[in-house]
Amino acid sequence: MNEVMKAILERRSCKKYKPDLVPQELIDQVIEAGTYAASGMGKQSPVIVAVTNRELRDKLSRVNAEIRGNPGADMFYGAPVVLIVLADTSVPTYVYDGSLVIGNMLLAAHALGLGSCWIHRAKETFERDEFRELLKKLGLEGRYEGIGNCVLGYPAEEPKAAASRKASYVRYVK
Ligand SMILES: Cc1cc2nc3c(=O)[nH]c(=O)nc-3n(C[C@H](O)[C@H](O)[C@H](O)COP(=O)(O)O)c2cc1C
């Protein structure tokens with residue numbers, strides 16, 4: 001089967017990770033795949049904040065759990081890397097642009113032998129003052145909204161089989 005098709009069909013969300021660190025070179029390849037996503041009018045509205053700092057990673061997970069109403073849980077399933085995608089709200093397609101960046105990164109992670117998962121609530125996380133402050137430090141003040149977190153790491157379990165696709169997914173008009 002074509003390699004791209006294979007990755008698309010085989011990728012699954014990983015919900016248990018080994019604590020092992022991911023080499024920077026692999027993280028960078030996943031990020032590069034994200035940056036090559038299509039974007040509305042080619043405006044490249046998203047930005048990626050790559051977090052490998054343990055303290056910040058743990059804080060992001062803690063706040064995510066709080067927002068979800070699940071305090072104490074590790075919302076990142078032990079994954080050591082969090083690639084946060086935010087996007088510039090002044091571009092009308094920013095949510096779609098950011099989502100596609102995450103889609104590319106999930107696929108690239110799989111192709112490189114890594115586990116990955118979209119973890120939600122980046123929007124609510126980056127509405128908090130403490131994280132606004134972080135964005136400010138990174139020169140991302142003002143108009144950036146959190147789209148999602150792509151967590152990465154080495155899988156600690158076999159992925160479950162994909163759910164069967166709903167029968168009503170497609171309508172053909174010929
Ligand atoms: C927009 C979006 C938000 C998601 N948020 C979460 C999340 O917060 N936590 C989580 O464990 N998985 C999350 N997921 C992953 C889904 O649970 C997963 O994609 C779904 O169960 C289908 O499994 P698959 O990715 O293996 O095909 C999210 C996926 C998407 C696309």
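Bear in mind the structure is a predicted one, so any value in this text is a computation, not a measurement. FYI, side chains are in, hydrogens and waters are out, and symmetry mates aren't considered; it's all heavy atoms of this structure. This chain uses plain numbering: 1 for the first residue, then up along the sequence. All ligand and atom numbering here is 1-based and tracks the order in the structure.
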**OP:** Identify which of Gly103, Cys117, Ala163, Ser13 has a heavy atom lying nearest to atom 18 (C) of ligand 1.
**Re:** Ser13

**OP:** Enter the distance from Ile31:CD1 to Leu26:CG here, rounded to the nearest 0.5 Å.
**Re:** 11.0 Å

**OP:** Output the list of atoms in ligand 1 that are nearer than 4.0 Å to some heavy atom of Tyr77, sorted by atom number.
**Re:** 10 (C), 11 (O)

Original post:
Is a side-chain donor or acceptor of Asn2 paired with a backbone partner of Met5 at a separation under 3.5 angstrom?
Top reply: yes

**OP:** Check whether more than 12 heavy atoms from other residues, nucleotides or ligands sit under 6.0 Å from atom CD of Gln44, and answer yes or no.
**Re:** no

Original post:
Going by the order shown, which atoms of ligand 1 are within less than 4.0 Å of some heavy atom of His120?
Top reply: 3 (C), 5 (N), 6 (C), 7 (C), 8 (O)

**OP:** Specify the protein heavy atom at minimum distance from atom 9 (N) of ligand 1: its residue, its atom name, and the distance to 0.1 Å.
**Re:** Ile119 CD1, 3.7 Å

**OP:** May I ask you to say whether Glu130 pairs ionically with Lys59, meaning some side-chain N is under 4.0 Å from a carboxylate O?
**Re:** yes

Subject >> Distance in Å, Glu32 CD paired with Asp28 CG, rounded so as to fall on 0.5 Å steps >> reply: 8.5 Å

Subject >> Under-4.0 Å heavy-atom contact between protein and atom 13 (C) of ligand 1 >> reply: yes

Original post:
Looking at Arg11, which atoms of ligand 1 are within less than 4.0 Å of one of its heavy atoms?
Top reply: 24 (P), 25 (O), 27 (O)

Original post:
Under 3.5 Å, side chain of Asp97 to main-chain N/O of Ser39, donor-acceptor pair present?
Top reply: no

Subject >> Closest protein heavy atom to atom 16 (C) of ligand 1, given as residue, atom name and distance to 0.1 Å >> reply: Lys15 NZ, 4.0 Å

Original post:
Any idea which protein heavy atom is nearest atom 31 (C) of ligand 1, and the distance to it?
Top reply: Trp118 CE3, 4.0 Å

Original post:
Is atom 20 (C) of ligand 1 close to the protein, meaning a heavy atom under 4.0 Å from it?
Top reply: no

**OP:** May I ask you to identify the nearest protein heavy atom to atom 27 (O) of ligand 1, giving residue, atom name and distance to one decimal place in Å?
**Re:** Arg12 NH2, 2.9 Å

**OP:** Would you confirm whether the ring centroid of Phe126 sits within less than 6.0 angstrom of the ring centroid of Phe131?
**Re:** yes

**OP:** Enter the distance from Leu112:CG to Leu152:CG here, rounded to the nearest 0.5 Å.
**Re:** 9.5 Å

Original post:
So is Arg121 in contact with ligand 1, going by heavy-atom distances below 4.0 Å?
Top reply: yes

